[in-house]
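One structure below.
Worth knowing before you read on, the calculation uses all heavy atoms, side chains too, and leaves out hydrogens, waters and symmetry mates. Just so it is clear: chains get the letters A, B, ... in the order the sequence lines come, proteins before strands, and each one is counted from 1.
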Amino acid sequence: MPDGDHDFEAVEARLAAEALIVDVDGFEGPLDLLLTLSRTQKVDLRKISILGLAEQYLSFIDRAKTLRIELAADYLVMAAWLAFLKSRLLLPPDPEDEGPTGEELAAHLAFQLERLQAMRDAAAKLMARDQKGRDFFVRGIPEDVTRVRTIRYTATLLDLMQGYARIRTKDEFRPFTMDREHVMTLEQALERMRGLIGYAGDWTDLSSYLPDGWDGDPKRRRSATASNFAATLELAKNGAIEIRQTALFAPIQIRATPGG
Amino acid sequence: MAETGPIEDSLFEAPPMAEQERMVEAILFASAEPVTVSDLNARMPHGADAAEALEHLKKRYEGRGVSVVKVGDAWAIRTAPDLGFLMQKETVETRKLSRAAIETLAIVAYHQPATRAEIEEIRGVSVSRGTIDQLLELEWIRFGRRRMTPGRPVTYVVTQEFLDHFGLENARDLPGLKELRAAGLLDNRPPPGTLAPDETGDDEQAEMFEDES
Amino acid sequence: MAETGPIEDSLFEAPPMAEQERMVEAILFASAEPVTVSDLNARMPHGADAAEALEHLKKRYEGRGVSVVKVGDAWAIRTAPDLGFLMQKETVETRKLSRAAIETLAIVAYHQPATRAEIEEIRGVSVSRGTIDQLLELEWIRFGRRRMTPGRPVTYVVTQEFLDHFGLENARDLPGLKELRAAGLLDNRPPPGTLAPDETGDDEQAEMFEDES
């Protein structure tokens, strides 16, 4: 910007910057500040001098520092980045460097500024539209839609058949759950095993402990076996006996804990 | 609120009647309460004649879906009386039939004609009046011929509606117990609640209360 | 299902179009909220064509004190904006929105679906929780689909209430949208030297706007 108007514009920019510094709190971040500074260039945002803008921003930051105004960190980050950008723009490109060129970075910053400005303009246009409750209005006496609720009951054929089957087979199920005659409880088995276990010094098959009369009928045998097994687990847990099984599905053997 | 040309003019000259009609229309539409003529006049530009504008508006809405009606000494726009049915929204809620009802229905279907006493004997618990009523109301069962036994009890049979709903040609097409078992449709275990008769009783009571809801 | 007289008739024949227009008129007048075409059809007798009736009704109200407006895929009756000055009584005092909130709203509207990071990238400053909350509370924005990028960030889109509030038929009618897009100002352009942007961004946006139609 080494032309005749330069000094005048620089002065104007500086004055503007002074004013800006006073209400630095009014800015919504560094991009907002940059956008405001760019207005002093009085050109189309697309033709803006990013180098000039960087200089404006950096001098703004310097001033704020001399005036001991606390600036949020992101303003300082932007200052550092703009200083870097400035050096990229001024120095000849380093052929070794594969990063983006100063021009690319500057173009992106210009794009960001233009985009922010565009969004501001769009927001303003949006808010200038006729708005509900301000310019146009909704129905003042809306009539509520009364809801008439109808309940429809459903059942499937399967429900029906299962329901019937449930009733008709109730009797068949009774023995399993109701008939105590064919059930040996854990308590019964435990009591019995406690009495017997003192004699089991050697490994003995668990199945041999089934009480008389419980090894014939499959139902009774199942119940007694299950309870006996549960009882031995309980006894083993207490340290009274030891359990072993030599192979998968092999007979389970127990013996009294030696010295126990 | 941009005070536009026509309003300022109206300080000296009332807006055309068509415009006044629009104004009355907008005010009646947006007001939360019926509006009196004097209120209308107060809100409209000077020189406006709300009463006349109202008459025009009222005529315009004759035979429409809404009409301009007088409520006390005020005016409002209301739904045309013949379209009131549109202000109701029917919602259909689907609910599973209670177990008591399903079982009762099943017994009627398998044993029809069945008396109430027979249903109770098969279920092992008493059948509440509500359960029967519900099934009658659903038109899934109806009264059959009275049984020619002492007391001449009523019987229940299933209806055509029942057959349609369950996709059956005939109640005799219902599979028997053996077929149900073969098809794996029998529960292997009695569902909770069927263990003891008294428990079932409670259960039914609970269902009855559900019916009430 | 209490199918009342008129509805049963309609199973066989839809009411005449003039009658359908009255029905649409009554329903729209009765509702403060926009009503969708499918809702209208659901409430009107079978065979009715709410979409066609709406077109007739819209024409009928042209230039009147209230007008039939389209809001997304729904319709509503609203007072004519030029009569707003009559409605001082009905005017709703809205909380003044902060500049941050207004800009955030515009960014969501023009870039939707937009992630928080995108909003921050455009504004160059972090978005405070309160800003988003306020817009959500006003029901002007809502959550859109999560972006299929690392972190699966939530996106924001504008709502029907937004369209209704600003008198927009759909999001494509946003002022200056075409120009902004043509100028490339709605592109998701990454800073140089960073990885390529998620390509889905633009596609999704295109889809979004198509959805609104």
Side-chain angles (χ1 to χ4, degrees), chain B residues 1-8 10 15 18-33 35 39-45 48 50 53-54 56-57 60-68 76-94 138-139, chain C residues 1-10 15-32 35 39-46 48 50 53-54 56-57 60-68 76-93:
Chain B
M1 234 151 322
E3 298 259 323
T4 47
I7 300 152
E8 261 163 64
S10 71
E19 198 56 23
Q20 294 188 34
E21 198 193 312
R22 287 183 73 225
M23 292 176 180
V24 171
E25 187 175 36
I27 294 172
L28 291 191
F29 173 85
S31 292
E33 278 157 26
V35 190
D39 260 358
L40 283 171
N41 274 323
R43 287 171 72 169
M44 285 161 67
L54 255 170
H56 290 293
L57 191 69
R60 188 185 287 274
Y61 276 98
E62 263 167 27
R64 304 293 317 156
V66 292
S67 43
V68 178
I77 298 179
R78 288 283 155 84
T79 308
D82 67 314
L83 296 179
F85 73 93
L86 289 172
M87 302 303 136
Q88 292 184 345
K89 201 176 199 175
E90 276 190 32
T91 53
V92 178
E93 206 175 283
T94 320
L138 282 164
E139 292 181 22
Chain C
M1 247 190 315
E3 300 251 323
T4 48
I7 295 162
E8 252 164 71
D9 292 347
S10 70
M17 189 43 70
E19 199 54 24
Q20 293 188 33
E21 200 193 310
R22 286 183 73 227
M23 292 177 181
V24 170
E25 188 176 33
I27 295 173
L28 290 192
F29 258 88
S31 173
V35 186
D39 250 4
L40 285 169
N41 276 325
R43 286 171 66 180
M44 285 162 66
H46 287 277
L54 271 164
H56 292 293
L57 192 69
R60 184 181 293 272
Y61 277 92
E62 265 165 25
R64 299 271 298 274
V66 296
S67 42
V68 178
I77 296 182
R78 301 286 180 245
T79 62
D82 68 312
L83 299 176
F85 69 95
L86 292 167
M87 310 294 166
Q88 271 136 356
K89 231 175 151 178
E90 282 73 32
T91 303
V92 193
E93 274 308 316

Note to self: Parallel, tilted or perpendicular, judged at 30° and 60°: which one describes the rings of C:F29 and C:Y61?
What the structure shows: tilted

Next item on the list: Look up atom CG in C:L57 and atom CE in C:M17, then write down how far apart they are to the nearest 0.5 Å.
Entry: 11.5 Å

Next item on the list: Just jot down the side-chain contact (heavy atoms from CB on, under 4.5 Å) partners of B:A18, sequence neighbours excluded, or say none.
Entry: none

Item checked: Which atoms of B:L28 approach chain C - backbone, side chain, both or neither, heavy atom under 4.5 Å -> neither

Note to self: Heavy-atom cut-off 4.5 Å, strictly under: side chain, backbone, both or neither for B:S31 against chain C?
What the structure shows: both

Notebook entry, point to check: Side chains of B:E33 and B:D39: closer than 4.5 Å at any heavy-atom pair?
Noted result: no

Item checked: Residue among C:E19, C:R22, C:E25 with most heavy-atom pairs under 4.5 Å to chain B -> C:R22

Note to self: Checking B:A50 now: which residues fulfil side-chain contact (heavy atoms from CB on, under 4.5 Å) with it, not counting sequence neighbours?
What the structure shows: B:V37, B:L40, B:N41, B:M44

Checklist line | Heavy-atom contact with chain B under 4.5 Å, split by part of C:L83 | finding: side chain

Check: chain C: which of B:R64, B:E21, B:R43 shares the most heavy-atom pairs with it under 4.5 Å?
Finding: B:R64

Checklist line | Under 4.5 Å from any heavy atom of chain C - which part of B:R78 | finding: neither

